[in-house]
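Here the structure is a predicted model, which is why all the values come from computation and not from measurement. Excluded from the calculations below are hydrogen atoms, water molecules and symmetry mates; all remaining heavy atoms, backbone and side chain alike, are included. Each ligand, and each atom within it, is numbered from 1 in the order the structure gives.
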Amino acid sequence: MTQNTITLNNGVAMPALGLGVFQTPPDVTTTVVDQALHLGYRHIDTAAAYANEREVGEGIRRAGIARDDVFIETKVWISDYGYDETLHAFDKTAGKLGVDQLDLFILHQALPSAFDRTLAAYRALEELLADGKVRAIGVSNFMPEHLDRLLAETTVVPAVNQIELHPYFQQAELQKLDAASRIVTQAWSPIGGITSYRESAKSTFDDPTILEIGRQHGKTAAQVMLRWHLQEGRSVIPKSVKPARLAENLDVFDFELTTAEIADIDALDTGVRGGPEPDVITLETFGRDIPEA
Ligand code: NDP
């Protein structure tokens, strides 16, 4: 049985399954986080750019869970890249969350057109790690060329690379590269939420192979997908605002997919990305002000 804990490359333990809160509106975030923690979630993934860090912090306090028992992961937005800017981004984020220390602080995107700023931002994360203000650091949406350059020009190997990863878009080569450097691959849109946002697109929730595997185990499509990630060693951060789905998405530790079932899901990869191509992310197109705490 896969346990709900992954040990990062610096020895820090991270609950493998967390709650994502992208597109969770600020006015319901406190309630959702409180409900999730009561259901047993112990890992929340937010970001400065989601504009709900304050409400995440409030939800954790409302749940009455000890700070040490919740793993808080958040992300620096590209507008705050640069050494001093990213150090200040930590103050903004920690202030909004109402905590002194973050468990995992990651760069939200590479900025290919301003990679020196990306590197300076990462060096600020290294400084925050050395100062004990964060327990682990990492990246998100880093493609092989970004990782290669980061590894060549900085000191601390990222603990995590959070990337789009669901049955229809699996990025096998990037996963191999992460593994070779002992970087945990963390799946965003792990149940393929992004495949269901456009009506024209084929949704992972309706996939006949996944549904049939679920039928064999008495589990839903979402549960099968989450179990597939966990058995392949990935961290997952499914998002829901609905209590029944929060519970469903956590209820994945009492069954085991067979090797053949895992291979059947591996075979569903289409190679088609749902999110933006990481190379089109520029300050001009995606920059936005992140408010002070
Ligand atoms: P998910 O794969 O988590 O899917 C979420 C969608 O599926 C929502 O529409 C949700 O609706 C619905 N859903 C949730 N549970 C179930 C279920 N059991 N059955 C059917 N439908 C369900 O996709 P996301 O894109 O939200 O990604 C998850 C997290 O990943 C984000 O919250 C964020 O933390 C992170 N992320 C990071 C990105 C990055 O660039 N680093 C980019 C995108 C996401 P409802 O809420 O109504 O239940």
Side-chain angles (χ1 to χ4, degrees), residues 15-29 31-33 35-36 39 41 43-53 55-56 59 71-78 104-111 138-143 146 158 160-171 174 184-199 201 203-207 210-211 214 219-230 234-252 273-281 286 288:
L17 191 155
L19 172 72
V21 295
F22 176 44
Q23 302 185 102
T24 301
D27 62 342
V28 303
T29 300
T31 303
V32 169
V33 168
Q35 286 168 338
L39 285 165
Y41 285 78
H43 173 177
I44 313 289
D45 175 68
T46 182
Y50 300 168
N52 57 13
E53 289 174 309
E55 292 76 10
V56 167
F71 190 96
I72 304 179
E73 172 175 2
T74 188
K75 317 182 189 79
V76 187
W77 188 238
I78 54 172
L104 177 58
F105 202 27
I106 67 179
L107 300 186
H108 205 141
Q109 305 274 348
L111 258 186
V139 295
S140 175
N141 297 309
F142 268 49
M143 296 298 105
H146 310 135
V160 162
N161 188 13
Q162 183 184 118
I163 58 172
E164 179 180 345
L165 211 168
H166 45 76
Y168 291 171
F169 188 60
Q170 300 184 18
Q171 310 208 64
L174 182 51
V184 169
T185 298
Q186 185 174 55
W188 69 250
S189 251
I191 50 180
I194 197 152
T195 66
S196 62
Y197 301 149
R198 282 186 302 271
E199 269 183 24
S203 162
T204 48
F205 296 113
D206 304 326
D207 186 273
I210 298 172
L211 287 169
K219 291 286 181 182
T220 65
Q223 290 171 323
V224 168
M225 289 187 267
L226 293 169
R227 187 72 210 173
W228 166 70
H229 287 292
L230 294 170
R234 293 182 289 274
S235 170
V236 285
I237 42 167
K239 171 262 180 189
S240 182
V241 294
K242 301 188 170 69
R245 286 179 175 175
L246 291 173
E248 176 185 325
N249 295 346
L250 194 59
D251 183 18
V252 294
R273 186 188 293 283
E277 284 294 333
D279 273 351
V280 307
I281 306 288
F286 286 86
R288 83 164 89 135

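At least one N or O atom of Ser189 sits closer than 3.5 Å to an N or O atom of ligand 1. Close N/O approach between Phe205 and ligand 1 is not found [any backbone or side-chain N/O within under 3.5 Å]. Ligand 1 has an N or O atom lying under 3.5 Å from an N or O atom of Val241, backbone or side chain. Considering backbone and side-chain N/O of Gln162, one or more are found under 3.5 Å from N/O of ligand 1. Ligand 1 has no nitrogen or oxygen under 3.5 angstrom from a nitrogen or oxygen of Pro238. Considering backbone and side-chain N/O atoms, Gln23 never comes within less than 3.5 Å of an N/O atom of ligand 1. Between Ile194 and ligand 1, no N or O atom pair is found at a separation short of 3.5 Å.
Ligand-side atoms of ligand 1 in range of Val21: 32 (O), 34 (O), range being under 4.0 angstrom from any heavy atom. Atoms of ligand 1 lying under 4.0 Å from any heavy atom of Ile237, numbered from 1 in the order shown and given with element: 28 (C), 29 (C), 30 (O), 34 (O), 35 (C). Each of the atoms 33 (C), 34 (O), 35 (C) of ligand 1 lies under 4.0 Å from some heavy atom of Asp45. Here is the list of ligand 1 atoms found below 4.0 Å of a heavy atom in Ala222: 17 (C), 18 (N).
By the salt bridge (Lys or Arg N to Asp or Glu O under 4.0 Å) test, Arg273 pairs with Glu277, sequence neighbours left out. Taking the side chain to side chain contact (heavy atoms under 4.5 Å, CB included) definition, one finds that Thr29 meets it with Thr24, Val33, Asn52, Glu55, Val56, sequence neighbours left out.
Looking from atom 43 (C) of ligand 1 to the surrounding protein, the closest heavy atom is Trp188 CE3, 3.1 Å. Regarding atom 40 (O) of ligand 1, its nearest protein heavy-atom neighbour is Asn141 ND2, 2.9 Å. The nearest protein atom to atom 47 (O) of ligand 1, hydrogens excluded, is given as Lys242 NZ, 2.5 Å; this is a heavy-atom distance. In terms of protein heavy-atom proximity, atom 32 (O) of ligand 1 is closest to Phe22 N, 2.9 Å. Scanning the protein for heavy atoms near atom 4 (O) of ligand 1, the closest one is Gly193 CA, 3.2 Å. Residue, atom and distance of the protein heavy atom nearest to atom 48 (O) of ligand 1 are Ser240 OG, 2.6 Å. Ranking protein heavy atoms by distance to atom 6 (C) of ligand 1, first place goes to Tyr197 OH, 3.7 Å. Closest protein heavy atom to atom 12 (C) of ligand 1: Arg245 NH1, 3.7 Å.
Taking OH from Tyr168 and CD1 from Ile194, the interatomic distance works out to 14.5 Å, rounded to the nearest 0.5 Å. Atom CZ of Arg288 and atom CH2 of Trp77 lie 6.0 Å apart (nearest 0.5 Å). Rounding to the nearest 0.5 Å gives a distance of 8.0 Å between CD of Glu248 and CD1 of Ile191. In this structure, CD in Gln162 is found 10.0 Å from CD in Gln109, a value given to the nearest 0.5 Å. To the nearest 0.5 Å, atoms NE2 (His146) and OG (Ser140) are separated by 12.0 Å. Distance check: Tyr41 OH to Leu250 CG gives 5.0 Å after rounding to the nearest 0.5 Å.
Residues Lys75 and Phe22 have side chains not in contact (no heavy-atom distance under 4.5 Å, counting atoms from C-beta outward). A heavy-atom distance below 4.5 Å is found between the side chains of Leu226 and Pro238.
Side-chain contact, Gln186 with Asp45: no donor N or O sits under 3.5 Å from an acceptor N or O.
Heavy-atom minimum distance, Asp251 versus Lys219: O-NZ, 3.0 Å.
Contact annotation: Thr220 has no heavy atom less than 4.0 Å from any atom of ligand 1. Under the 4.0 angstrom criterion for non-hydrogen atoms, Pro190 is in contact with ligand 1.
Here Asn249 has side-chain heavy atoms under 4.0 Å from ligand 1, and that is the only part of it that gets that close. For Lys239, heavy-atom contacts with ligand 1 shorter than 4.0 Å involve the backbone as well as the side chain.
Looking at Tyr50, Phe286, Trp188 one by one, the single match for ring pair (Phe, Tyr, Trp, His ring centres under 6.0 Å) with His108 turns out to be Tyr50.
Between His166 and Phe169, the angle of the ring planes lies from 30° to 60°, which puts this pair in the tilted group.
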